[in-house]
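Following: one structure in structure tokens, then a few remarks.
Start at 1 and go down the list; that is how both ligands and their atoms are numbered.
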Amino acid sequence: MVGKTALVTGGSRGIGRGIAERLAQDGARVGVHYGSNEAAAKETVAAIERSGGSAFAIGAELGVPGDAAALWAAFDAHADGLDILVNNAGIGTSRPFADTDESEYDRLFAVNARAPYFITRLGAERLRDGGRIINISSGVSHAAVLPDIMTYAMTKGALDVFTRNLSKVLGPRGITVNAVAPGIVDTDINAAWLRGEDNKDAWAGAAAMSALGRVGTTQDIADVVAFLAAPDGRWVTGQWIDATGGSLA
Ligand code: NAP
């Protein structure tokens with residue numbers, strides 16, 4: 001990926017950081033996006049540079065009006081076009097169906113579905129022909145394994161439909177569009193549940209969901225994204241790639 005430029009939304013922490021580090025390791029120059037935690041983004045950029053890679057941090061809060069335009073304005077100050085866009089930034093929910101009010105519903109859709117839609121729409125003008133778009137979905141969009149996070153799952157369902165259709169829209173330009181669906185991965189998004197003091201069984205329960213008997217790591221997901229982003233992934237598009245460690249098998 002030497003000579004390629006990538007942008008990873010939410011690249012400052014968790015799965016996004018893993019993806020940013022892996023793409024940089026493969027030679028790409030990586031834009032590490034963050035929302036509010038600038039220190040985490042700077043730490044990720046520093047880690048990439050320590051390993052001999054190239055990266056820059058850009059901040060833009062997502063889920064608010066004008067978010068995509070603000071993100072690209074920040075990106076344009078550092079780079080002239082891009083080759084790989086990873087729509088990774090996302091939020092979870094702790095509210096089951098009965099407790100979900102309109103503002104929670106709107107916030108989830110604004111960050112997880114609306115933001116990637118408009119980031120991609122404005123980004124398509126900057127993405128070079130032959131480029132890659134990878135949307136980070138979730139196993140819960142294909143199976144009702146965690147119905148308490150139904151609204152979150154619905155946002156990922158929207159992202160999946162976007163992915164399939166966009167592959168046809170951008171295919172004539174040689175751009176591939178795919179979704180990667182993690183299962184349960186050890187990150188901040190689910191730390192309160194997965195590592196909660198009052199929930200000692202959560203880790204073992206999460207590990208047992210996978211056919212491979214463990215909780216996913218950010219590297220597990222980053223390696224799948226790297227395949228799709230690399231030349232080897234050129235003939236895969238419009239797909240939903242299960243990266244749940246067999247949780248849905
Ligand atoms: P995470 O550790 O909480 O990291 C989230 C990242 O997204 C951070 O870089 C954060 O930046 C950014 N972000 C969140 N809300 C934002 C907002 N409103 N505006 C701008 N940036 C925002 O989450 P993760 O677990 O790595 O999740 C990454 C993706 O994987 C998400 O789309 C998630 O739905 C998906 N996923 C995760 C799991 C899992 O088990 N972890 C499973 C399936 C799918 P700041 O810190 O600056 O806010």
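Counting only N and O atoms by type, the side chains of Ser36 and Glu61 include no donor and acceptor under 3.5 Å apart. Side-chain atoms of Asn135 and Thr163 include a donor-acceptor pair closer than 3.5 Å.
As a member of the Ile/Leu/Val/Met/Phe/Trp/Tyr network built from side-chain separations under 4.5 Å, Phe75 groups with Leu7, Phe56, Ile58, Leu62, Leu71, Trp72, Leu82, Leu85, Tyr117, Phe118, Ile119, Leu122, Leu127, Ile133, Leu159, Phe162, Leu166, Val169, Leu170, Ile175, Val177. Listed by chain and number, the hydrophobic cluster partners of Val8 are Met1, Ile15, Ile19, Leu23, Val30, Val32, Val45, Ile48, Ile84, Val86, Ile134, Ile136, Val180, Val185, Ile221, Val224, Val225, Phe227, Leu228, Val236, Ile241, where partners are ILVMFWY side chains within reach of under 4.5 Å, directly or through others.
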Pair Asp101-Arg95, salt bridge (Lys or Arg N to Asp or Glu O under 4.0 Å): steps then yes or no: CA-CA 9 Å; Asp101 59 18; Arg95 298 207 207 170; 3.2 Å; yes

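Sorted by chain and number, the residues within 4.0 Å of ligand 1 by heavy atom are Gly10, Ser12, Arg13, Gly14, Ile15, His33, Tyr34, Gly35, Ser36, Asn37, Ala60, Glu61, Leu62, Asn88, Ala89, Gly90, Ile91, Arg107, Val111, Ile136, Ser137, Ser138, Tyr152, Lys156, Pro182, Gly183, Ile184, Val185, Thr187, Asp188, Ile189, Asn190.
Sorted by first and then second residue, the pairs that involve residues 170-187 and meet side chain to side chain donor-acceptor pair (under 3.5 Å), not counting sequence neighbours, are Asp129-Arg173, Asp186-Arg195.
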